Amino acid sequence: MRAAIVEAPGKVVVTTVPDPTPGPRDVVVSVASCGLCGTDLHILQGEFAPTLPIVPGHEFAGEVVGTGKDVTELAVGDLVAVDPSLHCHECRYCRSGRGNLCDRWAAIGVTVPGGAAEYAVAPVANCVKLPGHVDVKDAALIEPLSCAVRGYDVLSGNLGAEVLIYGSGTMGLMMLELAKRTGAASVDVLDVNPDRLATAGLLGCSGTAASAEELDRPGGWDIVIDATGNAKAIQDGLGRVAKGGTFLQFGVADYATTAVIEPYRIYNQEITITGSMAVLHSYERAAALFATGVLDPSVFISDRLPLEQYPQAVERFSAGQGRKIVVEP
């Protein structure tokens with residue numbers, strides 16, 4: 001089969017590899033679409049993936065074309081979206097229900113071969129069967145949506161909150177859509193990319209700007225979400241949290257990124273600084289939300305490229321062009 005492979009930091013190629021073989025409780029998925037995200041760029045930089053080479057792609061969906069001998073839940077022909085999370089179920093974090101913090105954390109497309117290929121293997125437990133009205137080529141959006149759902153689990157809801165989101169890429173826009181549905185009084189979005197910012201306006205946010213100063217809210221926002229991983233955005237966002245408010249680090253920063261906090265202000269104004277890591281008990285809920293039309297795929301997916309153009313897709317995404325870019329093997 002054909003697959004994209006990150007061979008070494010900075011080097012990705014599309015080549016022929018052996019077809020995958022399922023284990024007893026695995027299925028083989030013919031990949032219909034596979035999304036790119038910031039994690040894929042980190043893998044290309046030599047971060048996250050413990051060893052290279054690796055077939056990337058943790059956002060994917062497709063058709064079941066093979067099953068292991070002990071699989072009864074799914075059959076050939078079923079359309080599925082795949083939760084990439086692989087937890088050990090043995091460490092203290094897994095045993096306490098915090099599998100996203102697993103001591104032996106692993107993921108399809110990060111530590112084992114993923115969906116940037118014609119075929120991918122996944123445990124049957126990680127597959128969510130899609131209803132008939134969902135286009136499987138759009139269903140690569142379910143995984144990033146499940147991360148956004150996890151983010152709002154961490155925030156625990158706050159009816160009437162004033163929300164500020166840094167970044168109007170795929171994740172920032174998903175956080176916007178969920179904020180609108182979790183009772184936010186207003187949702188403002190910041191981005192230096194005017195094309196992406198225009199999409200936030202199209203989706204109905206309260207305000208858009210290139211910087212927080214333009215929005216004129218001296219008291220700050222109840223909830224500030226960084227969806228960029230950018231050091232300058234994070235630092236600025238920490239200073240925009242209102243008294244009693246929360247800062248959520250949602251974007252994936254480079255390992256070397258740092259920010260300065262003000263301990264007295266955190267204490268005196270009871271500010272919460274927290275993070276949200278990947279997926280946790282949120283994939284099935286994201287699939288259900290997606291099936292209701294919570295996202296418009298035509299707005300979120302800007303580019304659909306063939307698998308052979310995976311290197312070009314990475315270049316486009318790295319340059320900040322488009323929104324969600326998917327490859328369709």
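FYI, side chains are in, hydrogens and waters are out, and symmetry mates aren't considered; it's all heavy atoms of this structure. Keep in mind it's a predicted model, so treat the numbers as computed, not measured.
Panel note: side chain D222, backbone G245; no donor-acceptor pair is recorded below 3.5 Å. Of the possible donor and acceptor atoms, one in the side chain of S206 sits under 3.5 Å from a partner among the backbone N and O of V187. The closest donor-acceptor contact from the side chain of T228 to the backbone of A233 lies at 3.5 Å or more, if one exists at all. Judged purely by atom type and a 3.5 angstrom limit, D226 uses its side chain to pair as donor or acceptor with the backbone of G229. Not one N or O on the side chain of S318 forms a donor-acceptor pair closer than 3.5 Å with the backbone of V314. With R95 contributing its side chain and H89 its backbone, the two residues share no donor-acceptor pair below 3.5 Å. Side chain of N126 to main chain of S85: a donor-acceptor pair is present (N/O by atom type, distance under 3.5 Å, no hydrogens or angles). A donor-acceptor distance shorter than 3.5 angstrom exists from the side chain of S96 to the backbone of R92, with no hydrogens or angles considered. In this structure, S302 contributes its side chain and G322 its backbone to no donor-acceptor pair below 3.5 Å. A donor-acceptor contact shorter than 3.5 Å links the side chain of Y283 to the backbone of V82.
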Review point. Does the side chain to side chain contact (heavy atoms under 4.5 Å, CB included) test come out yes or no for L164 and R240, once each step is laid out?
Key: CA-CA 9 Å; L164 176 65; R240 305 291 177 180; 4.2 Å; yes
Practice item. Test side chain to side chain contact (heavy atoms under 4.5 Å, CB included) on R323 and L173 and set out the steps. Key: CA-CA 9 Å; R323 293 176 296 281; L173 295 177; 4.1 Å; yes
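More than 12 heavy atoms of other residues, nucleotides or ligands lie within 6.0 Å of CD in E328, so this atom counts as buried by the packing criterion. Counting heavy-atom neighbours within 6.0 Å of K180 NZ, excluding the residue itself, gives a total above 12. The 12-atom threshold is exceeded at CZ of F290, counting heavy atoms of other residues, nucleotides or ligands nearer than 6.0 Å.
Salt bridge absent: R265 and E270 never bring a charged side-chain N and a carboxylate O closer than 4.0 Å. At a threshold of 4.0 Å, the pair D138-R304 counts as salt-bridged, since one of the basic side-chain nitrogens sits closer than that to a carboxylate oxygen.
For Y166 and D236, the side-chain atoms include at least one donor-acceptor pair closer than 3.5 Å. Side-chain polar atoms of W221 and D188 form a donor-acceptor pair below 3.5 angstrom. For the residue pair S146 and R285, no side-chain donor N or O sits within less than 3.5 Å of a side-chain acceptor on the partner.
Within the model, atoms CG of L86 and SG of C102 stand 9.5 Å from one another, a figure rounded to the nearest 0.5 Å. The NE2 atom of H58 sits 4.5 Å away from the OG1 atom of T39 when rounded to the nearest 0.5 Å. Q269 contributes atom CD, which lies 8.5 Å from atom CD of E262 (distance to the nearest 0.5 angstrom). Here the OG atom belonging to S282 is positioned 7.5 Å from the CG atom belonging to D83, to the nearest 0.5 angstrom.
Partner of F300 under the side chain to side chain contact (heavy atoms under 4.5 Å, CB included) criterion, out of T170, T199, L145: T170 alone.
Nearest heavy atoms, V12 versus P311: O-CG, 3.9 Å. In terms of heavy atoms, G167 sits closest to A227 at O-CB, 4.5 Å. Here the closest non-hydrogen pair linking I108 and G114 is CG2-CA, 3.7 Å.
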